[in-house]
Protein chains: 2
Amino acid sequence: MKLSPESLEAFAHAASLGSFSAAARQLGKSQSTVSEAISRLEIDLGLTLFDRSGKSPVLSAAGQALLGRVEEVLSASDRLQRTASALAGGLESRLTLVLSDAYQSEHFKSRIMQLAERFPELEFECIFAENADIISLISSGRATLGLLPVEGQLLPEIGRAPVAERAEFAVYASPGHPLVQQGEIESSQLAQWRHLGLNTLSGSAQGQEWQPVSQIRSWSAPNYLILLDLAVMGFGWAVLPRWLVDAYAADKLVELTLPDWPRFQALEVVWSRKRPLGPAGNWLRDALASHP
Amino acid sequence: MKLSPESLEAFAHAASLGSFSAAARQLGKSQSTVSEAISRLEIDLGLTLFDRSGKSPVLSAAGQALLGRVEEVLSASDRLQRTASALAGGLESRLTLVLSDAYQSEHFKSRIMQLAERFPELEFECIFAENADIISLISSGRATLGLLPVEGQLLPEIGRAPVAERAEFAVYASPGHPLVQQGEIESSQLAQWRHLGLNTLSGSAQGQEWQPVSQIRSWSAPNYLILLDLAVMGFGWAVLPRWLVDAYAADKLVELTLPDWPRFQALEVVWSRKRPLGPAGNWLRDALASHP
DNA sequence: AGAATCCATCGGTAAATCCGATATGAAGTT
DNA sequence: AACTTCATATCGGATTTACCGATGGATTCT
């Protein structure tokens, strides 16, 4: 059995206005149409929705109980239509942002909140990866937009735009690590201890070249959070984003004081030129690139 | 613009089956009907839902994004129809249970869970009151079913049935209270200290007559939880349900050792004979009265 | 009692829904 | 290449639904 949307709408309006004819006026239909729609609904549901003994109809107990359900149907149908017209207006059906853990800021968070406000019908997905993995997700089409530390050479199909903010990196080790005992350290001394660095699934990548290199066989992990855990466990030293250490290991890692550290790494937004950005992607790219 | 339920259903089935004709078979309609319904929906939404270049149609990006919304509409409409047929089948549209804090048990909780399972379409409301207030909520129709310690005389319109379990009450005071310092106490000694007792909005009530009486002007509150707070704050002694003290003030109140205490109070379910119980109310009444 | 509303019902019209038949197109087979 | 198979699109026509305007009965207010 099908419940016609006309009946549901007539019922909802009549219930909230307490009058069939008022509902008819509000809906721009004739009174008889509303009356018939409601009585058809009553027949379909097998229930009396209104007590019509008085001058104006009053919701019955069943009507009260069902009104909420009817409104759920109508609002779901409304959402469907809003989403459809957003899509028909050119909005992309989904925006996938791939992020590096290198960076996080209030500016970034507020941009995402603005995105949610501006494009309420957008399906938004956020995934995490580092370095070359970000690029490969973008060029494969799995992700629409990426945010990562600037890399040297990229494929020409990858569009890129600089981001105003920078990510701060420092060298950290656990409090128990031998490097922490010494006061001032030379960069060369790092080479004597195990380095904890990023790896990537995409073979080509060798991470950022500006990281200090260790002579000892280094350990690697696919993201900064695991790297941070390894450092906390004392397995070696690592170059980590400051915000991440402050947020998750403020008291469990010590920053090493080295010449030229901490460093500030420029960031950029990337996308694929093969798949043109939709309005939300365009907006987010520009918003991330703009000054705070 | 209205989206016909036929179109939505055709779209949902076609999307999940990957075929218009399979959807038509499943819906018991002709293939042309499904094809037309979907193309009408596409026109209404202003979008192409399927890529029809291959032999069998494939959801477009917009189609994927909208499928979820469409299913929300259909499932809301389904819920509406299920609720309607439950109501048409005689189920009351709402069941309001008024409870005394005197009692709580696993048996009771499991009954409520069974109620939720058996009557998934029932709107259930639980409110709290004590003694005479419970009776007045029942007889006014605000509540359907009440659960309270047995009272002596009740109006004849109130139906009542005994509950197998009993509620345990004991006399408590805060650790700093003078009564606690003494070891064994006579019931008569209580009279020298302030009593914390229940009051009710309904004038007629005088609470349970079996409570010890104080000669000092007693303080009162409308429910056991506030009474417990007053006792914790050291304002006097109170007769409280044991489960409540165990749950909320295990280490902040001391049980007084008195002759004839603790006591076990019989409970009963009450309802109004003027408003016959629906199937859920009947079931719950019998379930509460039955042995665990 | 009379005026003003309100709802139910009826006849008629336009539109939507549905079917069966037919045309057309894609994929796989011979 | 021709053929079979299994899709979808489209057309004409029957049925049902949505809608309107007119009418009549009931309730409330004056």
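The sequence lines fix the lettering, A, B, ..., with proteins before strands; numbering per chain opens at 1. Keep in mind that this is a model prediction, so the values were computed, not measured.
- Rounded to whole Å, the distance from CZ on A:Arg40 to P on C:dC7 is 16 Å.
- Classification of B:Arg82 and B:Asp78 as a salt-bridged pair holds, one side-chain N sitting under 4.0 Å from a carboxylate O.
- When rounded to the nearest whole Å, the span between CG of A:Asp51 and P of C:dC7 equals 13 Å.
- The pair A:Glu123-B:Arg69 does not count as a salt bridge, with every side-chain nitrogen at least 4.0 angstrom from each carboxylate oxygen.
- Between the NZ atom of A:Lys55 and the C1' atom of C:dC6 there is a distance of 6 Å, rounded to whole Å.
- The distance from atom CD1 of A:Ile112 to atom CG of A:Leu97, rounded to the nearest 0.5 Å, is 5.5 Å.
- Taking the six-membered ring for Trp and the full ring otherwise, the centers of B:Phe124 and B:Phe119 sit at least 6.0 Å from each other.
- Closest to the side chain of A:Ser32, from the set C:dC19, D:dA22, C:dT17, is D:dA22.
- Between B:Ser35 and D:dA9 there is a side-chain N or O to OP1 or OP2 distance below 4.0 Å.
- Residues B:Ala102 and B:Pro149 approach most closely at CB-CG, 3.8 Å, considering heavy atoms.
- At a threshold of 4.0 angstrom between heavy atoms, the contacts of B:Gly28 are confined to the sugar-phosphate backbone, with no base atom among them.
- Between B:Leu41 atom CG and C:dA16 atom C1' the separation is 15 Å, expressed in whole Å.
- On a pure distance criterion of 3.5 Å, no polar donor-acceptor pair joins the side chain of B:Gln31 and the base of C:dC18.
- If you take CG of B:Asp44 and P of C:dA15, they are 15 Å apart, rounded to a whole angstrom.
- Between A:Thr33 and the phosphate of D:dC19, there is no side-chain N or O to OP1/OP2 separation shorter than 4.0 Å.
- Nearest-nucleotide positions on DNA chain C for B:Arg52 and A:Glu36 put A:Glu36 closer to the 5' end.
- The NE2 atom of B:His13 sits 15 Å away from the P atom of D:dT8 (whole-angstrom rounding).
- Each of D:dT8, C:dT17, C:dC6 was ranked by its minimum atom distance to the side chain of A:Arg25; first place goes to C:dC6.
- The distance from atom CZ of A:Phe20 to atom P of C:dT9 is 11 Å, rounded to the nearest whole Å.
- No engagement by A:Ser39 is indicated, since no non-hydrogen atom pair under 4.0 Å with the nucleic acid exists.
- Here B:Ser56 lies out of heavy-atom contact (under 4.0 Å) with every strand.
- Across D:dT8, C:dC19, C:dC7, the shortest atom-to-atom separation from the side chain of B:Pro57 is found for D:dT8.
- Heavy-atom nearest nucleotides on DNA chain D were determined for A:Gly54 and for A:Ser7, and the one closer to the 5' end corresponds to A:Ser7.
- Atom NZ of B:Lys2 is separated from atom C1' of C:dA15 by 14 Å (rounded to the nearest Å).
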